Amino acid sequence: TSNVQEITLEANPGEAPLQHLKDIRNLGVNRLSMGFQSFNNKILKVLGRLHQSEDCFKTFKNARKAGFDNINTDMIFNIPELSTENWKKDLNKLLELEPEHISAYSLTVEPSTKLFNLVKNKELLMPLEKTDIEQFFLTHAILSKYNYNHYEISNYAKKDMECKHNLHYWNLSPYLSFGPSGHSYDLEERWWNVRSLDKYIDMNINNKQPLEGTENLTNKDNYNELVLNGLRLVEGIKISNLKNYKDIYNKTAIEKINKKWDCLKITNSNIKLVNKGFLFVDEISSDMFV
């Protein structure tokens, strides 16, 4: 009997026919994650996605037919040419499907992508920061109204449907990863695999570890990662976890930071962000680093 509670697989809209979904469900996969991103075909083209809006609905319905009762959908806001009104329409369309989990990310433009070059050459303009903030809070308001728990900056879940893998990662529990670029962590060391699939296969065939690099984590590293990941969660950082680092934890210094940020709340048990705190998570984390 397996103790594994959750096995998630990515299923791209338009690339996961019904029989495929039935097959992976029968293999034991019990959670799907679908990269919808948008229901606007023009926006999907801007993002360089291969699927169309109708593919999202078709693949989702097929997943339900295949027996999946735990589905995540990825959506993106803060996209060039995406108005707040159209983002609202996207969210309302998504709610008609009633996924168990929703990830809603603000677009970040990565170097060496087509979108990056379009923005760099001013062929596309990124929205104003005001629009990004507006769409972030609209997401929170709409999804909360429909009983999705906003448990992490970009993640919402129905009751008891939070992603176990994500929580495991954000709570800095150890994990093993396999495949190209996979990162693993054992509380003291982090290591990662080579990026190339061909190289990964070749090294395994020749009984070599397919490692590209490793790093040993100091107490200081672990403390800072505890801060960085903990503040992303609605529940925040457990003070008892910080106190494990006796040589580093400084109550007076944290109280000083608390006076600077009125969106940081400290109780006897935890430190968490409130009100508009998620908008300043990077700056507040940086202030708390040692």
Side-chain angles (χ1 to χ4, degrees), residues 3-8 33 72 101 103 105-106 108 110 149-157 162-195 200 209-290:
N3 290 322
V4 177
Q5 297 175 343
E6 182 182 281
I7 302 175
T8 302
S33 183
N72 168 65
H101 190 284
S103 296
Y105 301 106
S106 174
T108 52
E110 299 292 338
N149 173 33
H150 190 184
Y151 72 102
E152 191 270 347
I153 293 177
S154 305
N155 287 275
Y156 300 77
E162 291 83 2
C163 177
K164 289 180 172 59
H165 166 270
N166 288 359
L167 285 172
H168 191 85
Y169 178 83
W170 291 318
N171 286 319
L172 294 180
S173 300
Y175 50 86
L176 274 176
S177 295
F178 304 92
S181 294
H183 283 58
S184 301
Y185 170 66
D186 66 1
L187 304 182
E188 293 179 0
E189 187 181 40
R190 186 173 282 115
W191 60 97
W192 52 96
N193 295 335
V194 294
R195 293 182 183 185
Y200 181 85
Q209 278 192 294
L211 294 181
E212 185 170 275
T214 65
E215 63 175 342
N216 285 304
L217 300 170
T218 63
N219 269 358
K220 184 178 171 183
D221 293 331
N222 283 318
Y223 183 91
N224 288 342
E225 289 196 4
L226 192 62
V227 168
L228 182 68
N229 287 283
L231 283 182
R232 293 186 64 88
L233 297 166
V234 168
E235 291 180 359
I237 313 162
K238 288 180 182 174
I239 288 178
S240 58
N241 288 340
L242 293 179
K243 285 181 176 176
N244 287 333
Y245 299 91
K246 294 180 182 131
D247 299 337
I248 297 174
Y249 176 68
N250 186 327
K251 185 181 177 185
T252 307
I254 288 175
E255 285 172 350
K256 191 175 177 183
I257 294 165
N258 192 30
K259 285 177 182 174
K260 177 181 174 182
W261 297 99
D262 60 3
C263 50
L264 192 64
K265 183 179 179 182
I266 300 178
T267 65
N268 290 330
S269 58
N270 67 355
I271 301 171
K272 65 180 182 179
L273 298 175
V274 292
N275 303 324
K276 295 185 178 181
F278 277 156
L279 298 178
F280 306 103
V281 64
D282 291 338
E283 293 93 333
I284 296 171
S285 296
S286 180
D287 279 354
M288 287 183 64
F289 287 165
V290 292

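What you see is a predicted model, and the numbers here were worked out from it, not measured in a lab.
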### Message
Check the orientation of Tyr245 and Tyr223. Use parallel for under 30°, tilted for 30 to 60°, and perpendicular for over 60°.
### Response
perpendicular

#### Entry: Any Glu212 side-chain heavy atom under 4.5 Å of Arg195 side chain
yes

### Task
Test Tyr105 against Ile153 for side-chain contact (heavy atoms from CB on, under 4.5 Å), laying out the working first.
CA-CA 9 Å; Tyr105 301 106; Ile153 293 177; over 6 Å; no

### Message
For the CG atom of Asn258 and the CD1 atom of Ile284, what is their distance to the nearest 0.5 Å?
### Response
9.5 Å

### Query
Taking C-beta and beyond as the side chain, do Ser103 and Asn155 meet within less than 4.5 Å on heavy atoms?
yes

### Residues, nucleotides or ligands: over 12 heavy atoms within 6.0 Å of Glu188 CD
no

### Message
Going by salt bridge (Lys or Arg N to Asp or Glu O under 4.0 Å), name the residues that satisfy it together with Glu225, two or more places apart in sequence or in a different chain.
### Response
Arg190

### Query
If every non-hydrogen atom of Ile239 is compared with every non-hydrogen atom of Asn268, which pair is closest and at what distance?
CD1-O, 4.0 Å

#### Entry: Trp192: ring-ring contact (aromatic ring centres under 6.0 Å, His included) partners, not counting sequence neighbours
His183

### Query
Looking at CD1 of Ile254 and CE of Met288, how far apart are the two atoms once the value is rounded to the nearest 0.5 Å?
4.5 Å

### Main-chain N/O of Ser154 paired with Glu152 side-chain donor or acceptor, under 3.5 Å
yes

### Worked verdict on Leu172 versus Asn222 for side-chain contact (heavy atoms from CB on, under 4.5 Å)
CA-CA 9 Å; Leu172 294 180; Asn222 283 318; 5.9 Å; no

### Query
Minimum heavy-atom separation for Glu189 to Asp186, with atom names?
N-OD1, 2.7 Å

### Task
Starting at CD1 of Ile237, measure out to CD1 of Ile266 and round the result to the nearest 0.5 Å.
9.0 Å

### Task
May I ask you to test the Leu176-Tyr185 pair for a side-chain heavy-atom distance under 4.5 Å?
no

### Message
Testing the basics here: between Leu187 and Pro174, what is the closest heavy-atom pair and its distance to 0.1 Å?
### Response
CD2-CD, 3.9 Å

### Task
Examine the side chains of Asp221 and Thr218 and answer whether a donor and an acceptor come within less than 3.5 Å of each other.
yes

### Task
Go through the steps to decide whether Val227 and Phe289 satisfy the test side-chain contact (heavy atoms from CB on, under 4.5 Å), and finish with yes or no.
CA-CA 7 Å; Val227 168; Phe289 287 165; 4.1 Å; yes

### Message
Can you confirm whether Asn171 is buried at CG, in the sense that more than 12 heavy atoms of other residues, nucleotides or ligands lie under 6.0 Å from that atom?
### Response
yes

### Task
Using a 4.5 Å cut-off on heavy atoms from C-beta on, say whether the side chain of Val194 contacts that of Leu211.
no

### Query
Does some side-chain heavy atom of Phe278 sit less than 4.5 Å from a side-chain heavy atom of Leu231?
no

### Query
Do the side chains of Tyr151 and Cys163 get nearer than 4.5 Å, heavy atoms only?
yes

### Task
Evaluate the ring planes of His168 and Tyr175, with Trp represented by its six-membered ring, and classify them as parallel (under 30°), tilted (30 to 60°) or perpendicular (over 60°).
perpendicular

### Query
Would the number of heavy atoms belonging to other residues, nucleotides or ligands and lying under 6.0 Å from CD of Gln209 be above 12?
no

### Query
Got Asn229 and Tyr169 here, is their nearest side-chain heavy-atom distance under 4.5 Å?
yes

### Query
salt bridge (Lys or Arg N to Asp or Glu O under 4.0 Å) with Lys246: which residues, sequence neighbours excluded?
none

### Query
Atom CG of Asn166 and atom CZ of Arg232: how far apart are they, to the nearest 0.5 Å?
9.5 Å

### Query
If you measure from CD on Glu255 to NZ on Lys259, what distance do you get to the nearest 0.5 Å?
7.5 Å

### Query
Any idea which heavy atoms bring Val290 and Lys220 closest together, and the distance?
O-CE, 2.7 Å

### Ser177 side chain to Ser184 backbone, donor-acceptor under 3.5 Å
no

### Asn270 and Glu235: side chain donor to acceptor below 3.5 Å
no

### Message
Please give me the minimum heavy-atom distance between Phe280 and Cys263, naming the atom from each residue.
### Response
CD1-SG, 4.2 Å

### Message
I'd like to know whether Asp262 forms a side-chain contact (heavy atoms from CB on, under 4.5 Å) with Asn275, so could you lay out the CA-CA distance, the side-chain angles of the two residues, the decisive distance to 0.1 Å, and finally the verdict.
### Response
CA-CA 9 Å; Asp262 60 3; Asn275 303 324; over 6 Å; no

### Query
Hey, are the side chains of Trp261 and Leu273 touching, using non-hydrogen atoms and a 4.5 Å cut-off?
no

### Donor-acceptor contact below 3.5 Å, side chain Ser285 vs main chain Val281
yes

### Query
What distance do Ser269 atom OG and Lys238 atom NZ have between them, rounded to the nearest 0.5 Å?
9.5 Å

